[in-house]
Peer 1: 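First, the structure itself, so that you have it in front of you.
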Amino acid sequence: MRIDVLTVLPGLFDCFLKEGVIGKAISSGKVEVKVHNIRDFTTDKHRVVDDVPYGGGPGMVLKPEPIFRAYDELTKEGEKPYVLLTEPWGEKFNQEMAVELSKKPRLMIICGRYEGVDERVKSLVDREVSIGDYVLTGGELPAMVIMDAVLRLIPGVLGNLESLRADSFSDRGLLGYPNYTRPAEFRGMKVPEVLLSGHHKKIESWRKEQSLRKTLERRPEIIENLKRKGLLTKEELE
Ligand SMILES: COc1cccc(COC(=O)c2cn[nH]c2)c1
């Protein structure tokens, strides 16, 4: 997968693209992520990327020209990217969308900022995406959240150990089961016996039950959603 990011603050991505699983996925060439400074696509001396809103009102709006110039330049060759725009009022990002996006050969993420982008930029956008109902100073962190969730789903990125994690749970948006590691007892708190039993079938069903119970308690709408989509097996429904 190739991802092009358009932002006025490219420096925010430096650590994210160097460290951890994401850093390895890029250095190994499994994925390609290029961060572009929108300012590099301005033509005026002051490299202006924003301007005051028509109709008045507070703040500034990201101008269309530099973004369109960047889009034209970056889409001259290769596959057309699936374009995301990060803004607070977009479609809510979730694991289902992460799975869908992980199958695209090429993404472009335009990071909103200030009061937002000029509306005409949306003619380039396939999906306006929000990571939550709150307002940040810029769409760069949401872009990193989206890339993190998407890139970890690319085959080979997580490596075989982690990818064996019961992703059939998180892929369906179910909450995770409790995790324990040594010691078996710590400050009087014991690890559940079943996890020490070595009985894999019992352990698997205990984890599934824990995950479903926690999801039903904290996020019943996820269970309802999965029921409606027929994504819960009948024994899971019991
Ligand atoms: C008016 O403030 C704006 C305008 C445009 C972009 C942003 C940054 O994005 C977010 O705040 C966001 C994205 N998903 N969830 C929150 C803020």
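Numbering of ligands and ligand atoms starts at 1, following listing order. Since the structure is predicted, the reported quantities are computational estimates derived from the model, not experimental observations.
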Peer 1: Ignoring hydrogens, just give me the one of G59, G90, C111, P88 whose non-hydrogen atom is nearest atom 7 (C) of ligand 1.
Peer 2: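 The option holding the nearest heavy atom is P88.
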Peer 1: Identify the closest protein heavy atom to atom 11 (O) of ligand 1: which residue and atom is it, and at what distance?
Peer 2: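 The answer is L136 N, 2.7 Å.
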Peer 1: Just to be sure I read this right, does ligand 1 sit under 4.0 Å from the backbone of W89, its side chain, both, or neither, counting only heavy atoms?
Peer 2: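 Side chain only.
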Peer 1: Between D50 and V61, is there a donor-acceptor pair closer than 3.5 Å when you use the side chain of the first and the backbone of the second?
Peer 2: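 No, the answer is negative, given that no donor and acceptor are paired below the 3.5 Å cut-off.
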Peer 1: Among all protein non-hydrogen atoms, which one is nearest to atom 3 (C) of ligand 1, and what is the separation to 0.1 Å?
Peer 2: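 Nearest neighbour among protein heavy atoms for atom 3 (C) of ligand 1, to 0.1 Å: Y114 O, 3.5 Å.
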Peer 1: Hey, is ligand 1 close enough to V135 that some N/O pair sits below 3.5 Å?
Peer 2: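 Checking ligand 1 against V135, no N or O pair falls under 3.5 Å apart.
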Peer 1: Out of P58, G138, A143, S130, whose heavy atom sits nearest atom 8 (C) of ligand 1?
Peer 2: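 Going through P58, G138, A143, S130 one by one, G138 has the nearest heavy atom to atom 8 (C) of ligand 1.
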Peer 1: With a heavy-atom distance limit of 4.0 Å, tell me whether P142 approaches ligand 1 through its side chain, its backbone, both, or neither.
Peer 2: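 The answer is the side chain of P142.
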Peer 1: Please list the nearest protein heavy atom to atom 16 (C) of ligand 1 with its residue and the distance rounded to 0.1 Å.
Peer 2: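 Result for atom 16 (C) of ligand 1: Y134 O, 3.1 Å.
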Peer 1: Salt-bridge test for R113 and E140: reply yes if a basic N is under 4.0 Å from a carboxylate O, no otherwise.
Peer 2: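 Result for this pair is yes, salt bridge flagged.
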Peer 1: Determine the interplanar angle of the H36 and F41 rings, folded into 0 to 90°, and report it as parallel if under 30°, tilted if 30 to 60°, perpendicular if over 60°.
Peer 2: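 Aromatic pair H36/F41 classed perpendicular.
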Peer 1: Ignoring hydrogens and geometry beyond distance, is a side-chain donor-acceptor pair present between R106 and Y82 at under 3.5 Å?
Peer 2: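 Short answer, no.
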Peer 1: Could an N or O of ligand 1 be found under 3.5 Å from any N or O of I131, whether backbone or side chain?
Peer 2: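 Yes, there is a polar N/O contact under 3.5 Å.
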Peer 1: Donor-acceptor pair, S211 side chain versus L175 backbone, under 3.5 Å?
Peer 2: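 Yes; at least one donor-acceptor contact below 3.5 Å.
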Peer 1: Using 4.0 Å as the upper bound for N to carboxylate O, is an ion pair formed by E73 and K76?
Peer 2: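 Result for this pair is yes, salt bridge flagged.
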Peer 1: Would a distance-only check, ignoring hydrogens and angles, find a side-chain to backbone donor-acceptor pair under 3.5 Å from K80 to T75?
Peer 2: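 Checking the backbone N and O of T75 against the side chain of K80, a donor-acceptor pair under 3.5 Å is found.
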